[in-house]
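Order of appearance sets the numbers: ligands from 1, and atoms from 1 within every ligand. Sequence positions, counted from 1, serve as the residue numbers for this chain. Source: prediction; values computed, not measured.
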Amino acid sequence: MIKVMTVFGTRPDAIKMAPVARALQGDPRFELIVTVTGQHREMLDQVLRVFQIKPDFDLQIMSHGQTLSEITTRALSGLDKVLAQNRVDVVLAQGDTTTTFVAALTAFYHKIPFGHVEAGLRTYDLYNPFPEEMNRRLCAPLAEYHFAPTEQAHQNLISERIPAERIWVTGNTGIDAVLWVAEQPLDLSPELQSLLNREGRMILLTCHRRENLGEPMTHIAQAARALLERFPDTYLILPMHKNPLVREILTRYLDNHPRAFLIEPLDYAPFAHTMKRAHLILTDSGGVQEEAPSLGKPVLVMRETTERPEGVHAGTSKLVGTEMSLIVEEAAALLEDEALYHRMAQAVNPYGDGHAAERIIQILSENRP
Ligand code: UD1
Ligand code: UDP
């Protein structure tokens, strides 16, 4: 048996690692140990509940207002102890969070092969997204298995001289997750149900990125307000990230608008359902950018750069930056021009076909650590 430790700690790496953990759990070729850093608390626990994953180790590192150095040092010393006492054949982590980078580094210190799920995404802009671009890049030389979600990600790794025989194009496990959750029984709270049943076109907004804190996020909130004013048949659903700095800005500009509904982070199934019901999605999230095209929803990406160009090339997402006037202009065009809207609202799956986790574990079994 191959002994695998999966490490995750925030909402997105938990969602995208869950299909891999579940596939490993049901496979007699593998023994699975799940370690969570607890970089997020409530938002991680939501995901663990949905996918019915019980961690073997929980490092419980989250503190309010945690700095990047605090996350790194706490996760590093916690994981160091776990790996010292639990010898595994391979460590797997996903994406670009600080938890992921720490998992790669700690595995390296223990001379345990590291497998990077969702390898090779790049903007080649050091501070965008921050610190994720660097987290990803730092994972690359530390990893022995590079599971690239797309051909573009594969090419990025090749251009960084990662050996071609250590890179596999698997699709993104996030698509496995969103397809899986779509089939689960849906238990919507009466509050959400009544929001979804409202008359009018729903704009779904999520934002949380560190590089958008401050002025860019203020512009995002002001743009959302301006859209509500300009289009009286629209309403806004905004599941707010738990970061108090994010919540402060969003509530300051949007809380008292009668058609703005600022709610707690949704569980994954209700969130996926809300995406399906949305008319238009505005986001700075990585995962939402990948999920929305598979649901046929136009997405405006409120960031200066994206490491996920595939949706833009497929025509379902558009990078609009964080200037208020640009966000309003692009969203207004979609709300006013039906032909433009329908061109963007095509269902495409540039990020995966829902079988990425199966491929990853098959690759591990054929290329034993
Ligand atoms: C983290 C990741 C980012 C990812 C995002 C997804 C890093 C450096 N950042 O950013 O890549 O896109 O998660 O959401 O790895 N908080 C809670 N409860 C929670 C979660 C967060 O209270 O369940 C609050 C805490 O006060 C915490 C703050 O949010 O200090 C920020 O959390 P943190 O993980 O540091 O950064 P994120 O912006 O969430
Ligand atoms: N998501 C969720 N509930 C919410 C908002 C988002 O379950 O209220 C899911 C979303 O479907 C996606 C993931 O969380 O799978 C994205 O997480 P986030 O935006 O926090 O991080 P990022 O993807 O930007 O790293």
Side-chain angles (χ1 to χ4, degrees), residues 8-19 36-51 60-72 74-75 93-103 118 121 129-136 138-139 172-182 192 204-213 217 237-248 262-276 278 281-292 294-295 297 299 301-303 306-308 351:
F8 48 86
T10 70
R11 173 169 67 189
D13 56 14
I15 288 175
K16 290 172 166 183
M17 197 50 111
V36 298
T37 60
Q39 179 181 332
H40 283 174
R41 191 67 276 163
E42 301 90 331
M43 286 161 52
L44 170 68
D45 293 343
Q46 283 183 305
V47 181
L48 294 173
R49 232 182 5 256
V50 172
F51 288 95
Q60 302 194 18
I61 67 162
M62 192 190 92
S63 67
H64 288 292
Q66 57 199 3
T67 64
L68 296 174
S69 303
E70 283 165 348
I71 304 170
T72 308
R74 284 193 206 126
Q94 191 282 341
D96 55 18
T97 65
T98 296
T99 285
T100 303
F101 161 57
V102 167
E118 199 188 73
L121 275 61
F130 174 80
E132 291 82 4
E133 172 71 7
M134 187 46 70
N135 283 343
R136 291 188 196 113
L138 294 171
C139 284
N172 198 309
T173 57
I175 303 301
D176 301 17
V178 78
L179 297 180
W180 178 86
V181 82
L192 181 62
L204 175 63
L205 169 65
T206 81
C207 67
H208 69 81
R209 303 226 77 83
R210 266 170 207 261
E211 69 273 14
N212 279 348
L213 288 171
M217 205 168 286
I237 297 189
L238 168 45
M240 279 191 299
H241 192 283
K242 280 284 184 190
N243 187 338
L245 300 172
V246 172
R247 294 165 87 96
E248 197 274 318
L262 278 54
I263 60 177
E264 287 303 310
L266 290 168
D267 277 357
Y268 191 38
F271 184 75
H273 189 70
T274 305
M275 279 195 287
K276 271 196 248 165
I281 301 178
L282 306 181
T283 194
D284 67 3
S285 159
V288 174
Q289 268 178 80
E290 290 158 349
E291 293 162 343
S294 76
L295 302 171
K297 296 295 165 179
V299 193
V301 180
M302 301 176 302
R303 295 170 49 174
T306 182
E307 60 291 331
R308 295 172 167 91
Y351 297 104

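Given atom 33 (P) of ligand 1, the protein heavy atom at minimum distance is Gln66 NE2, 3.2 Å. For atom 30 (O) of ligand 1, the nearest protein heavy atom (residue, atom name, distance) is Ser63 O, 2.9 Å. Distance from atom 4 (C) of ligand 1 to its nearest protein heavy atom, with residue and atom name: His208 CE1, 3.8 Å. Among all protein heavy atoms, the one lying closest to atom 11 (O) of ligand 1 is Glu132 OE2, 2.4 Å. For atom 1 (N) of ligand 2, the closest heavy atom belonging to the protein is Phe271 CD2, 3.5 Å. In terms of protein heavy-atom proximity, atom 37 (P) of ligand 1 is closest to His40 NE2, 3.9 Å. Of the protein's non-hydrogen atoms, the one nearest atom 16 (C) of ligand 2 is Ser285 OG, 3.6 Å. For atom 22 (O) of ligand 1, the closest non-hydrogen atom of the protein is His64 CE1, 3.1 Å. Counting only heavy atoms of the protein, atom 35 (O) of ligand 1 lies nearest to Arg210 NH2, 2.6 Å. Given atom 15 (O) of ligand 2, the protein heavy atom at minimum distance is Glu291 OE2, 2.6 Å. Ranking the protein heavy atoms by distance from atom 25 (O) of ligand 2 puts Pro12 CG, 3.3 Å first. Among protein heavy atoms, atom 23 (O) of ligand 2 sits closest to Gly287 N, 2.7 Å. Distance from atom 38 (O) of ligand 1 to its nearest protein heavy atom, with residue and atom name: Asn243 ND2, 3.9 Å.
Of the inter-residue distances, the one linking His64 atom NE2 with Asn243 atom CG reads 10.0 Å to the nearest 0.5 angstrom. Here the straight-line distance linking atom CG of Asp284 with atom CE of Met217 works out to 5.5 Å at 0.5 Å rounding. In this structure, CZ on Phe8 lies 6.5 Å from CG on Leu44, to the nearest 0.5 angstrom. The structure places CD of Glu291 at 7.0 Å from OG of Ser285, a figure rounded to the nearest 0.5 Å. One finds the OG1 atom of Thr99 at 11.5 Å from the CD atom of Gln94 (value rounded to the nearest 0.5 Å).
The closest side-chain donor-acceptor pair between Asn135 and Thr98 falls under 3.5 angstrom. When only modelled atom types and interatomic distance are considered, Asp13 and Thr10 share a side-chain donor-acceptor pair under 3.5 Å. A donor and an acceptor atom, one from each side chain of Glu132 and Thr97, are nowhere located under 3.5 Å apart. One side chain, Gln46 or Asp267, offers a donor N or O that lies under 3.5 Å from an acceptor on the other.
Ligand 1 has no nitrogen or oxygen under 3.5 angstrom from a nitrogen or oxygen of Ile71. Of the N or O atoms in Arg11, none lie within a sub-3.5 Å distance of an N or O in ligand 1. In terms of polar-atom proximity, Glu42 is counted as a contact of ligand 1, with an N or O under 3.5 Å from an N or O of the ligand. Looking at ligand 1, you won't find any N or O of Pro244 less than 3.5 Å from one of its N or O atoms. Any N or O atom pair closer than 3.5 Å counts here, and Thr97 shares no such pair with ligand 1. The shortest N/O to N/O separation between Asp284 and ligand 2 does not fall below 3.5 Å.
Ion pairing of Glu42 with Arg11 is absent here, as no side-chain N (NZ or NE/NH1/NH2) approaches a carboxylate O to less than 4.0 Å. Using a cut-off of 4.0 Å between Lys/Arg side-chain N and Asp/Glu carboxylate O, Arg136 and Glu307 are scored as salt-bridged. In this structure, Arg41 pairs ionically with Asp45, as a charged nitrogen and a carboxylate oxygen lie closer than 4.0 Å. A salt bridge between Lys242 and Glu264 is present, with a side-chain N of the basic residue lying under 4.0 Å from a carboxylate O of the acidic one.
Shown in contact with Arg209 at under 4.0 Å from a heavy atom are these atoms of ligand 2, numbered in order with element: 24 (O). The atoms of ligand 2 that sit less than 4.0 Å from any heavy atom of Leu266 are 2 (C), 3 (N), 4 (C), 7 (O), 8 (O). Close contacts between ligand 2 and Gly286 involve ligand atoms 22 (P), 23 (O), 24 (O) [criterion: under 4.0 Å to a heavy atom]. Atoms of ligand 2 lying under 4.0 Å from at least one heavy atom of Pro265, given by number and element, are 8 (O).
In this structure, Arg74 and Ser63 approach most closely via the heavy-atom pair NH1-OG, 3.2 Å.
Summarising the contacts of atom 15 (O) of ligand 1 with Leu213, Leu245, Thr98, the nearest heavy atom is found in Thr98. Counting only non-hydrogen atoms, the option in Thr274, Ile15, Val178, Asp13 that gets closest to atom 13 (C) of ligand 2 is Ile15. Closest to atom 4 (C) of ligand 2 by heavy atom, among Arg11, Arg308, Met43, His241, is Arg11.
Relative ring orientation between Phe51 and Trp180 is described as parallel, the plane-to-plane angle staying below 30° on a 0-90° scale split at 30° and 60°.
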